[in-house]
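Only one structure is covered here, and it is reproduced in the block below.
What you see below is based on every heavy atom in this structure, not just the backbone, and it leaves out hydrogens, waters and symmetry mates.
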Amino acid sequence: MSCFGFGKRRKSKADVPPPSSSAAMGTFKDVLAVCRELDYMGSRYSETSALPDPLFDLSAEVKEIDGRVFRSMVAAGFKHLAENKDELNKINVFPIPDADTGNNMKLALRSGTLNQLYEPIDSLQGAVAKFAEDALMAGQGNSGTVLSHFFITLSGELAKLGGAAKVTVPQFAACLQKCGENIHSSFPADKVKEGTIVSVVRKSTLLADGKFTTLKELLEVWEAQAKVALYETPDELEVDGVYVLKEARAKDPSIDSDSGAKGFYYFVQGVGIAIKSAISLEGLVGPDVAQKATGESNFAPASEVYDGSEKHQYCTECVIALKDGATKAAVEARLSDPKFGDSMVVVAAPAADGKSSLCKVHIHSDEPQAVFTVLTDEFSATKIPLKEKSDDMRRQVADSKKSYNAEKFKVTIVVDSTSQVGSWASNAYAHVPVVCTIRGEPYSCSIDPPTVNVVEFLNKTRHEDIPIGTAAPPVLAFKKVFEAALAIPDKPVLCVTLNKHMSATHGNALKAKAELSEADQKRVVVLDHGYMFGPCVPIVSCLMDAAAAGYDIDQLVQLFEEVRARGFYSVFMNTTAVMRLVKHGRVPKEVGDKIGSLPDEMFCMPMGTTPAEGAAPTDYAACAGSLKNKPTEPIAGPGAKEKGYRVMLEKLRDALKPGEVVRNFTFAEVARADASNKIGDLAEEILGDKLIQPTFIWEPFLAIAAVSAWGGGFFSYWIDDGKTTLPQ
């Protein structure tokens, strides 16, 4: 199984959970809980999946640590950390108050924990090496990257013991202390900050001199030392003469410590809890631990005390396989130039297969592409990085302050997961997950699927031709969501789905409605937005604003019809992406015959429609015809994609009639926030005051791998002719 977490899993009768009862729930929070339950029913791992081997009971007297014991330790630590994810997000102050520390630390350990659970390794060295590689690939943000460095160092220390299959507790304690002593090496020497996860890891792992004979004795000391170090962080974390945690706590008493440091403490505390009592499998990989369905946004309110986001915009990460002669020190030296950014963390580790060395760079930058280019051209053994990612921290801070109160809506809005507006708005609509099949295994197509990192997987598709398919949500899934929503008194349901010509999704929603009582059927409206994906997000985001403004069901349906009829989109893909879609039957063969000879790196094809060409195609044949017969002329040479964006935006500008404006403009270049923002900037330049704010970056979901590829671009919108009644 690869480090990305897609291998064969052992089957079990428990893999297919029985349908739950549809007892009245009464609140929108309960509807969200059903949606998250469905995410798991449609995902590779669920809390009902039978483990191939039971977890080792850590409450027993443990004097030697092997792969089985380590497996239980990381399961317990991950579970406790993830259960406290929301708190970690809320107290996130340093270095950027973007309310994502809990998310990042959970993501760093999630795939590794799942792999340990479902594909156990008996050897301690083997288990730790695999877990470390998983954490390296999946880790995000400062804290996630530092956490991965901890396990990479642990793997290296165990290797010095001859790759031991098991070690004594004193040997393990000595290895942990080495992890603490080396944790600072992931940062440039002048960038190490006391009062963060770095100092808590170092102080808590002063364990080598302890007279431990059992794991319980070791954990008692480790946890106690971690707790003391944690609550010293407000007195230690100083930035430009300001003790930022103390200042933050003066405004919000809940900020009692550094968020990354507290996440590490929760991991250690979780292992200690499991030693006191056996680990419960309940919620270990299910909805309770992945995301509590509380009705709150995925992003907790961000602190405004220390806003470091003003310096650099993008949280940039890249993983490469080091070429012969390349070293971590050389990478660190090359990127230390301030022009690349700051907050740099560099981690290196041997790959789990022992055949290569991996290097991960985390840096806050204004030019992510410059970082990727240097790493790829000068240090990488491959032309394409194993992973590249850029997140817009300023947008994250802004998004964390947005919210809808769905409890006050007059209508419950339900969408399939291809029409999700964004993480920041996920508290306000219910989603029924479309399923993406990867090598025959099912995964939910949510923006935040429970058992796979979307950006991580999209990176993987750049290196492997992976068969990917999609499956419509079953009738039962829609029925469960409808029943939960209808349990809310006096509130009808508006369900918006994929085009009926392209998916069974719409038909299954109608069948689910037909299975309801006659009275309940009158409270449910199912609408087909008519697109593959394109304008569906602008349509739904417009409906959300209207619902927040108090629109009733009749007003929303009328608005839907008006906006739907004036939706447009353009999609941009290179030759490689189109030919892969042809190979897997997603695009007609004749399309591939037409473009397959064009050079990959210099070809992109805007497709879709503009207002000058009439309404956007609303069935699969028309979409294929759009690609086949009406593409903008292929554009070759450097900057081809950007030229394509400009061509279509200029077509849009020139097609607008007097009084018409562009609304709910949604755009993205798949998995690259910096490139996405350039589309937005270009749209503002070309459309000027015809582009109505706000605009939206479309967040990638898993199904995008089935219809596009890494680096593909698109924008969609609807044209307001001034006749549509919009919320004020």
Where is the tightest heavy-atom contact between [X] and [Y], given as atom of each residue plus distance?
| X | Y | value |
| --- | --- | --- |
| Lys85 | Gly102 | CG-C, 3.5 Å |
| Lys106 | Ala82 | CG-CB, 4.0 Å |
| Ala76 | Gly270 | CB-O, 3.6 Å |
| Ser111 | Ala138 | OG-CB, 3.7 Å |
| Leu136 | Val319 | O-CG2, 4.2 Å |
| Val169 | Thr214 | CG1-O, 3.6 Å |

Validation row: [X], [Y] side chains within 4.5 angstrom (heavy atoms):
| X | Y | value |
| --- | --- | --- |
| Leu245 | Phe94 | no |
| Leu237 | Glu194 | no |
| Lys63 | Thr168 | no |
| His364 | Thr316 | no |
| Lys130 | Gln116 | yes |
| Asn115 | Ile121 | no |
| Arg202 | Glu181 | no |
| Glu388 | Arg672 | yes |

Leu322 and Thr327: CA distance, side-chain angles, deciding distance, side chain to side chain contact (heavy atoms under 4.5 Å, CB included) verdict: CA-CA 7 Å; Leu322 289 171; Thr327 64; 5.9 Å; no

Going through the distances and angles, do Ile183 and Val198 end up as a side chain to side chain contact (heavy atoms under 4.5 Å, CB included)? CA-CA 6 Å; Ile183 196 69; Val198 173; 3.7 Å; yes

Go through the steps for Thr153 and Glu157 under the test side-chain hydrogen bond (donor to acceptor under 3.5 Å, both in side chains), then give the verdict. CA-CA 6 Å; Thr153 306; Glu157 291 301 316; over 6 Å; no

Is the distance between the ring centroids of Phe56 and Phe70 less than 6.0 Å?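 Phe56 vs Phe70: aromatic centres not under 6.0 Å.
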
Phe172-Phe212 aromatic ring centre distance below 6.0 Å: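 No, the ring centres sit 6.0 Å or more apart.
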
For [X], does the [atom1] atom sit with more than 12 other heavy atoms under 6.0 Å from it, leaving out its own atoms?
| X | atom1 | answer |
| --- | --- | --- |
| Lys227 | NZ | no |
| Asp324 | CG | no |
| Lys166 | NZ | no |

Decide, yes or no, whether a salt bridge links [X] with [Y] under the criterion of side-chain N to carboxylate O below 4.0 Å.
| X | Y | result |
| --- | --- | --- |
| Asp256 | Arg249 | no |
| Lys193 | Asp258 | no |
| Glu217 | Lys211 | no |

side-chain hydrogen bond (donor to acceptor under 3.5 Å, both in side chains) for Arg395 and Gln313? Distances and angles first, verdict last. CA-CA 9 Å; Arg395 186 175 284 268; Gln313 186 166 359; over 6 Å; no

Donor-acceptor pair, side chain of [X] and main chain of [Y], under 3.5 angstrom:
| X | Y | value |
| --- | --- | --- |
| Asn89 | Asn103 | yes |
| Gln125 | Ala159 | yes |
| Asn92 | Leu88 | no |
| Ser59 | Lys276 | no |
| Asn182 | Lys178 | yes |
| Gln177 | Ala208 | yes |

Where do Val200 and Thr196 land on the side chain to side chain contact (heavy atoms under 4.5 Å, CB included) test, with the steps shown first? CA-CA 7 Å; Val200 171; Thr196 64; over 6 Å; no

Can you tell me how far apart [atom1] ([X]) and [atom2] ([Y]) are? Round to the nearest 0.5 Å.
| X | Y | atom1 | atom2 | value |
| --- | --- | --- | --- | --- |
| Lys387 | Leu458 | NZ | CG | 11.5 Å |
| Glu64 | Leu215 | CD | CG | 12.0 Å |
| Leu219 | Trp222 | CG | CH2 | 6.5 Å |
| Phe151 | Leu109 | CZ | CG | 5.5 Å |
| Leu55 | Arg68 | CG | CZ | 11.0 Å |
| Met393 | Tyr314 | CE | OH | 10.0 Å |

Between the side chains of [X] and [Y], does any donor sit under 3.5 Å from an acceptor?
| X | Y | result |
| --- | --- | --- |
| Lys323 | Ser380 | no |
| Thr373 | Gln369 | yes |
| Ser390 | Asp674 | yes |

Is the NZ or CZ atom of Lys262 positioned over Tyr265's six-membered ring, under 6.0 angstrom from the centre and within 45° of the axis?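 No - Lys262 does not lie over the ring of Tyr265 by the 6.0 Å and 45° rule.
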
Between Ser143 and Asn104, does a side chain to side chain contact (heavy atoms under 4.5 Å, CB included) hold up when you go through it step by step? CA-CA 7 Å; Ser143 296; Asn104 289 340; 5.7 Å; no

Mind checking salt bridge (charged side-chain N to carboxylate O under 4.0 Å, His left out) for Asp366 and listing every partner two or more places apart, or none if nothing turns up?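 Not a single residue meets the salt bridge (charged side-chain N to carboxylate O under 4.0 Å, His left out) criterion with Asp366.
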
With respect to Tyr266, which candidate in Lys79, Glu83, Glu87 satisfies the side-chain hydrogen bond (donor to acceptor under 3.5 Å, both in side chains) definition?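 By the side-chain hydrogen bond (donor to acceptor under 3.5 Å, both in side chains) criterion, Tyr266 pairs with just one of Lys79, Glu83, Glu87: Glu87.
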
Please evaluate residues Glu236 and Tyr243 with respect to the criterion side-chain hydrogen bond (donor to acceptor under 3.5 Å, both in side chains), reporting the C-alpha separation (whole Å), side-chain torsions for both, the decisive distance (0.1 Å), and the verdict. CA-CA 7 Å; Glu236 296 175 333; Tyr243 287 90; over 6 Å; no

Excluding sequence neighbours, so at least two apart, what forms side-chain hydrogen bond (donor to acceptor under 3.5 Å, both in side chains) with Ser259?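 Partners of Ser259 under the side-chain hydrogen bond (donor to acceptor under 3.5 Å, both in side chains) test: Thr101.
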
